[in-house]
Structures are given as C-alpha cells and as structure tokens.
Amino acid sequence: MKLDTLESLLVKELKDLLSAEKQLVKALPKMAKGATSEPLRAAIEEHLEQTKGQVDRLEKVFGILGKAPRAEHCKAMEALIEEGAELLEEEGDPAVKDAALIAAAQKVEHYEISGYGTARTLAELLGLDKAVKLLRQTLDEEKETDENLTQLALSEINPQAEAAAAR
Ligand code: FE
Ligand code: FE
Ligand code: FE
C-alpha cells in the first residue's frame, strides 16, 4: 500500500487499529479470567464490551472514507498480548500477578492511545468531522480505561501485592 497522502496514512493506521481491536476482543476474556481481584476482572470485562463497540466505530470510519474495513495484522498488539499471557503463566502471589496484569493491560492501552491520537489528528487535518468524533470517543475510552487501571493499582492491587512479602 502506497503512503502518498495523509489519507493513505490514515487508512494504514485504521487497518492496524482494527487488527489490534479484533485481537483484543479475543484476548480480553482470557485476561479477565486471569485476574484474581474482582474489581480488576470487572474492569477488564467492561473494557471488553467497549472494545466491541470500538470495532464498530472503526468500521464506520472506514465507511466515511469509502474503504472496505480490512484489518492489517498488528504485530505490536500480538506481542503485547503474548507478553501478558506469559505473565499469567508464571507461578506467584495472586496480588502480584494482578499487578503484572495491570502493567500488561496498560501497555495495551498506551499503544491504542498512541494509534487513536494519530488517527484523530490525521482525520482533523483532512476535515473528516464525523470520523474525528468517532475516533475521539474511542480515544477517550482508552484514556479512561488507562486511568481506571492506575486507580485500581493504587487503591487496591499494589497494597495487596506489597503485603505479599509478609505472607
Ligand atoms: Fe481499544
Ligand atoms: Fe500496530
Ligand atoms: Fe483499550
């Protein structure tokens, strides 16, 4: 695919994001199952539902651009998911493993925040107002998820993980 215009770059980014979101729809149920903390599990499950909506939004953005919603395999997301899955395989204290799960999940969210930030900015430059709105909605959800994970770590998971040393 030729990168000769900002629109072609936007389409490239959207294909990568579509692949990333579709991989997450498959991976998040396993991550949720791997969580010991009930609030952490609930947060991951809630984000799974948001993620399904994010796939729909991306498909709408492809429609606005008059392109078929074709994903292009995101190797980075594959690797981030793989790293998270490896952490879940390790032996250890449940609270420390939850802290590890949060770290892995936040890497995923930061990748998405970066991708959607770029896509939104490109859509702005191209004057695609409806696409900007859709991309911004998802970007806000990713940022909110990242913040929720930080709060969960600070309020609950990290203190429990700290106590693991005493167990
Ligand atoms: Fe997402
Ligand atoms: Fe990617
Ligand atoms: Fe996300």
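Counting convention: from 1, in listed order, for ligands and their atoms alike.
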Chemist: Only to 10 degrees, please: what angle do the OE1 atom of Glu109 and the OE1 atom of Glu112 make about the Fe ion (ligand 3)?
Modeler: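 Between OE1 of Glu112 and OE1 of Glu109, the angle at the Fe ion (ligand 3) is about 90°.
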
Chemist: Does a side-chain N-to-carboxylate-O contact under 4.0 Å join Lys12 and Glu72?
Modeler: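 Answer for the salt bridge query: yes.
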
Chemist: Could Lys52 and Glu49 be called an ion pair, given the rule that one side-chain N must be under 4.0 Å from one carboxylate O?
Modeler: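 Salt bridge: yes.
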
Chemist: Is the distance from the Fe ion (ligand 3) to some N, O or S atom of Glu21 under 2.8 Å?
Modeler: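 Given the 2.8 Å cut-off, Glu21 does not count as a ligand of the Fe ion (ligand 3).
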
Chemist: Provide the atom name of the closest N, O or S atom of His47 relative to the Fe ion (ligand 3).
Modeler: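 Nearest to the Fe ion (ligand 3) within His47's N, O and S set: NE2.
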
Chemist: Can a salt bridge be assigned to the pair Arg57 and Glu141 using a cut-off of 4.0 Å between side-chain N and carboxylate O?
Modeler: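 Looking at Arg57 and Glu141, the cut-off is met.
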
Chemist: In Å, rounded to the nearest 0.5 Å, how long is the span from CD of Glu109 to CD of Glu147?
Modeler: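 The CD atom of Glu147 is 11.5 Å from CD of Glu109, to the nearest 0.5 Å.
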
Chemist: What do you get for the angle at the Fe ion (ligand 2) between OH on Tyr111 and SG on Cys74, to the nearest 10 degrees?
Modeler: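 It comes to 100°.
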
Chemist: Is the distance between the Fe ion (ligand 3) and the nearest N/O/S atom of Glu142 smaller than 2.8 Å?
Modeler: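 Yes, since at least one N, O or S atom of Glu142 sits under 2.8 Å from the Fe ion (ligand 3).
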
Chemist: Has Gln54 got an N, O or S atom lying less than 2.8 Å from the Fe ion (ligand 1)?
Modeler: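 Yes, Gln54 qualifies, because one of its backbone or side-chain N, O or S atoms lies under 2.8 Å.
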
Chemist: Could you walk me through whether Val132 and Thr121 satisfy the side-chain contact (heavy atoms from CB on, under 4.5 Å) test, starting with their C-alpha distance in whole Å, then the side-chain angles of each, then the deciding distance to 0.1 Å, before giving a yes or no?
Modeler: CA-CA 8 Å; Val132 170; Thr121 300; over 6 Å; no

